[in-house]
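Values below: every heavy atom of this structure, side chains too, minus hydrogens, waters and symmetry copies. Nothing here was measured: the structure is a model prediction, and the numbers come from that model.
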Amino acid sequence: MDLTKVILEGELQQQQEIKQYYQFQSKIYDLTRWAFLFGRLGVFKKIAFQKSDSFHIAEIGCGTGFNLNHLAKQFPRAKFTGVDVSKEMINITRHKLGKYADGIKLYNLPYGLDSSFLKPAPDIILFSYSLSMINPQWEDLIEKAYEDLAIGGKIMVVDFYHSKFPFFKNHMANHHVRMDEHILPVLKKHFKTNYSAVKSAYGGLWEYFMFIGDK
């Protein structure tokens, strides 16, 4: 058996599943996800740049552009790159960005072996509720982010962490989300911890985490 071929086929299948999932979910994403995706604005407050600074932020799994839109307003001189495997999500992002669209490069493709479009090297790579959906390649993407970051750059991650309720974990698994406390330890292995926190949502129904790591 060609193990490499099996791995690649598995990755392609997972990417196709995500594309199909967001063909519908993209239409209701902004109406529903505000009730789940906690911590996004909180982690942005940890960005140690001034409004007038020029730097590069790349978001992997940019979704409908909530983060890019917010950050573009906050840092008007920064360079932004957004990557997402779903063309529907990218189209919504492009529409949402409005006057900021010309200054933000968007790519409808999976983040992986070829990251030559990330030039100059990002000062920040952001994963916002995306790593928990990228299975089984999530650890490969963390390693790739380390390679692609500029020297002294930072990875910023906010994502689901864990739930002690099997019914909720099963529900989230049906939406391609894995909640097994698996991401945070790997981030800490590859990056020097700058900031790390695990927080509770809805009285402990689930937990999410925020992490900033230095290269």
Completion exercise
Tightest non-hydrogen contact, residues D148 and P122, listed as O-CD, 3.3 Å
Practice task
Kindly indicate whether the side chain of Y111, heavy atoms from C-beta on, has any atom under 4.5 Å from the side chain of I125.
Solution key: yes
Practice task
Evaluate the criterion side-chain contact (heavy atoms from CB on, under 4.5 Å) for residue pair F44 and L126; output intermediate values, then yes/no.
Solution key: CA-CA 10 Å; F44 299 158; L126 170 66; 3.9 Å; yes
Handout entry: Heavy atoms of other groups near Q50 CD, more than 12 under 6.0 Å
Key = no
Problem - Heavy-atom side-chain contact between Y146 and I155 under 4.5 Å - result: no
Handout entry: Same apolar cluster: I151 and F55, side chain cutoff 4.5 Å
Key = no
Handout entry: Side chain to side chain, K51 and P76, heavy atoms closer than 4.5 Å
Key = yes
Handout entry: N/O donor-acceptor pair under 3.5 Å between K96 side chain and G65 backbone
Key = no
Handout entry: Derivation and outcome, side-chain contact (heavy atoms from CB on, under 4.5 Å), residues L68 and L106
Key = CA-CA 10 Å; L68 291 175; L106 299 175; 3.9 Å; yes
Exercise for the section: For the residue pair F191 and I142, establish whether any side-chain heavy-atom pair is separated by less than 4.5 Å. Expected result: yes
Problem - Verdict with supporting geometry, F117 and K105, side-chain contact (heavy atoms from CB on, under 4.5 Å) - result: CA-CA 9 Å; F117 58 88; K105 294 183 178 180; over 6 Å; no
Problem - Atom NE2 of H95: over 12 foreign heavy atoms under 6.0 Å - result: no
Fill in the blank from the handout: salt bridge (charged side-chain N to carboxylate O under 4.0 Å, His left out) filter on D53, not counting sequence neighbours, yields none
Problem - Heavy-atom side-chain contact between R94 and N91 under 4.5 Å - result: yes
Practice task
Report the relative orientation of the aromatic rings in W206 and F168; use parallel for angles under 30°, tilted for 30 to 60°, perpendicular for over 60°.
Solution key: parallel
Handout entry: Counterpart residues, salt bridge (charged side-chain N to carboxylate O under 4.0 Å, His left out), relative to K169 (two or more places apart)
Key = D180
Exercise for the section: Kindly say whether P120 contributes a backbone atom to a donor-acceptor pair with the side chain of H56 at under 3.5 angstrom? Expected result: yes
Practice task
Evaluate the side-chain contact (heavy atoms from CB on, under 4.5 Å) criterion for residues I134 and D140: first the C-alpha distance (whole Å), next the side-chain angles of each, then the deciding distance (0.1 Å), finally the verdict.
Solution key: CA-CA 10 Å; I134 302 171; D140 295 336; over 6 Å; no
Problem - Validation row, ring centre Y202 to ring centre F38 under 6.0 Å - result: yes
